[in-house]
Amino acid sequence: EKENIRCLTTLGHFGFECLPYQLVNRSMQHGFSFNVLCVGETGIGKSTLINTLFNTNLKDTKSSHFYPNVGLKVLTYDLQESNVQLKLTVVKTVGYGDQINKEGSYQPIIDYIDAQFEAYLQEELKIKRSFKYQDTRIHVCLYFISPTGHALKSLDLLTMKRIDNKVNIIPLIAKADTVSKNDLQKFKNKIMSELISNGIQIYQFPNDDETTTGMLPFAVVGSTDEVKVGKRMVRGRHYPWGVLQVENENHCDFVKLRDMLLCTNMEDLKEETHVRHYECYRYSKLQKMGFTDVGPDNQPVSFQEIYEAKRLEFHDQCQKEEEELKKRFMQQVKDRETAFKDAEKE
Ligand code: GDP
């Protein structure tokens with residue numbers, strides 16, 4: 001008898017099973033935003049790679065090698081793929097590695113990252129916060145390593161060391177088509193061991209994906225040109241001896257990078273930025289301003305108590321200064337009076 005019972009499956013979703021769809025719908029309406037920082041020498045292929053990643057031709061001008069200082073160029077684009085909106089902000093270094101004095105090369109980068117954290121903190125501390133606030137904090141730093149096939153440059157180490165607690169770094173070997181397959185693996189190993197021995201913390205993949213981690217740094221090739229391979233048009237670079245297909249995983253790690261950056265980890269990169277890097281900035285900033293969660297007796301103190309204490313401290317200081325001023329004024333009056341009396345006597 002039991003075998004005659006028909007089991008029906010539901011056609012749609014109902015109840016709280018629908019919760020994820022609410023999130024999807026809301027996100028689609030709001031659109032997404034993503035802020036990328038590209039650090040690398042002039043002409044290393046930053047603009048080309050960004051264009052290849054987002055499948056567009058973002059308007060930009062070529063920069064010269066003769067800037068006296070390193071600068072940053074910030075450009076924002078509104079992109080759309082099917083019905084997903086993306087507000088993409090690309091920050092690129094200009095003149096990086098072109099100066100003789102390398103020390104000054106990383107400071108503008110640090111200043112920029114900090115300025116975005118500061119703007120966010122100020123917005124958070126406002127009484128009337130704007131819900132349309134455009135978050136400009138950098139979610140990922142693509143660090144372009146020159147394809148020397150040899151080792152990292154001191155500038156690379158210096159810069160990465162300075163920014164590794166402020167941003168998620170993903171190291172890339174740029175123009176990887178210029179390094180042979182054998183050299184490439186050796187170069188990758190060398191870079192990773194140098195990063196480790198210098199204590200540089202790069203972005204950790206959340207799912208501990210061994211195959212992805214083993215590929216670091218990603219050896220990438222960028223191109224916006226379409227090349228004919230067989231009967232298909234593919235994005236690639238044409239050489240006298242053949243065609244390098246950007247989206248062929250045997251040719252370079254471009255697809256791996258794109259998957260990892262856009263398909264699997266964009267939300268994690270944003271989350272890390274907020275809970276780790278921004279938190280670190282916020283913590284030290286508030287501490288510098290004299291705020292703390294526990295008093296000297298290890299008892300919790302509230303924000304209000306500290307504020308009140310600071311206010312009293314300031315009040316006392318003002319009063320002291322006022323009294324000092326009064327005293328000085330009285331002394332001056334007295335001095336004048338005696339001088340006047342002396343003159344009168346004479
Ligand atoms: P940027 O100054 O770092 O933004 O560099 P560009 O993206 O403007 O690239 C500078 C030059 O390098 C252009 O002529 C590109 O065609 C070339 N280029 C970009 N990517 C690659 C690559 O992956 N391999 C090779 N061989 N050349 C590239």
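Both ligands and their constituent atoms are indexed starting at 1 by order of listing.
- For ligand 1, the atoms sitting less than 4.0 Å from at least one non-hydrogen atom of Asp177 are 22 (C), 23 (O), 24 (N), 25 (C), 26 (N), numbered in the order shown with element in parentheses.
- For ligand 1, one of its N or O atoms has an N or O atom of Gly43 under 3.5 Å away.
- With respect to the salt-bridge test (charged N to carboxylate O, under 4.0 angstrom), the residues Lys153 and Glu41 qualify.
- The side chain to side chain contact (heavy atoms under 4.5 Å, CB included) test with Glu271 singles out one residue from Leu269, Thr273, Val275, and that residue is Val275.
- Heavy atoms of Arg237 found under 4.0 angstrom from ligand 1 belong exclusively to the side chain.
- Listed by number with element, the atoms of ligand 1 under 4.0 angstrom from any heavy atom of Glu41 are 3 (O).
- Judged as a side-chain contact (heavy atoms from CB on, under 4.5 Å), and not counting sequence neighbours, the contacts of Pro147 are Ile173, Lys175, Thr178, Val179.
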Could you list the donor-acceptor pairs under 3.5 angstrom formed between side-chain atoms of residues 218-229 and any protein atom two or more places apart in sequence or on another chain?
unit_1 : atom_1 : unit_2 : atom_2 : d
Ser223 : OG     : Asp225 : N      : 3.0
Ser223 : OG     : Gly236 : O      : 2.7

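- Below 3.5 Å of separation, one finds no N or O of Lys92 facing any N or O of ligand 1.
- In the displayed structure, Tyr133 atom OH is contacted under 6.0 Å by more than 12 heavy atoms of other residues, nucleotides or ligands.
- Note on Glu123 versus Arg129: no salt bridge recorded, every NZ/NE/NH1/NH2 to OD/OE distance being 4.0 Å or above.
- Note: no N/O pair closer than 3.5 Å links Ala176 and ligand 1 by distance alone.
- The shortest N or O to N or O distance between Thr48 and ligand 1 is under 3.5 Å.
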